[in-house]
Amino acid sequence: MISTLQQLKKELRIFFPDISESCKRCEYPECKGYITLFEEEIDEFLDLDIEVVAINEEVYLINNFEEKNGELNLSEISPKCKLRCANGKCGIHNHKPYICLIYPIMIEKYQDGKHYWCFHKLCQ
Ligand code: SF4
């Protein structure tokens, strides 16, 4: 039985074992968007010296934002992930956050204002 986030992440790796091969064929030059983290994931990322942004002390994101006048530009809608390597691989493949592990499955807000589980068909 899966009862922790770490256990779930381990199982997700079995689900998409060769995802990095697909990433190499991806048409998008970078992984983009808000890379959100669960609170349980934060220490692992801080241990890896990866900056984490806390918004209103309840939303946590990998810091992929540019600095503007000494402040993070949080208005950027789809910032490129700074952890993606030039060869298309994830720079932290063995430590990917949950949101990256479940991709291409996402929760998206649709035109009717409701949230749905979606499958991104553009993903290789
Ligand atoms: S953490 Fe890795 S998989 Fe996730 S968006 Fe960044 S480069 Fe892509």
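Both counts, for ligands and for their atoms, begin at 1 and track the order of listing.
You'll find the side chain of L46 stays beyond 4.5 Å of the side chain of L48, heavy atoms only. Side-chain contact between I50 and I92: present, with at least one pair of heavy atoms (C-beta onward) separated by less than 4.5 Å.
Counting atoms of ligand 1 from 1 in the listed order, those under 4.0 Å from a heavy atom of I35 are 5 (S). Below 4.0 Å from some heavy atom of C100 lie the following atoms of ligand 1, by number and element: 1 (S), 3 (S), 4 (Fe), 5 (S). Residue R84 approaches ligand 1 through these ligand atoms, each under 4.0 Å from one of its heavy atoms: 7 (S).
H95 and E41 share no donor-acceptor pair across their side chains, judged by distance under 3.5 Å alone. At a cut-off of 3.5 Å, with distance as the only test, no side-chain donor of Y110 or H115 sits close to an acceptor on the other residue.
Counting heavy atoms closer than 4.0 Å to ligand 1, residue H93 contributes nothing at all.
The closest heavy-atom contact to atom 1 (S) of ligand 1, among the options G33, C85, C31, C90, comes from C90.
For atom 6 (Fe) of ligand 1, the nearest non-hydrogen atom of the protein is C81 SG, 2.3 Å.
Nearest heavy atoms, Y34 versus E76: OH-O, 3.2 Å.
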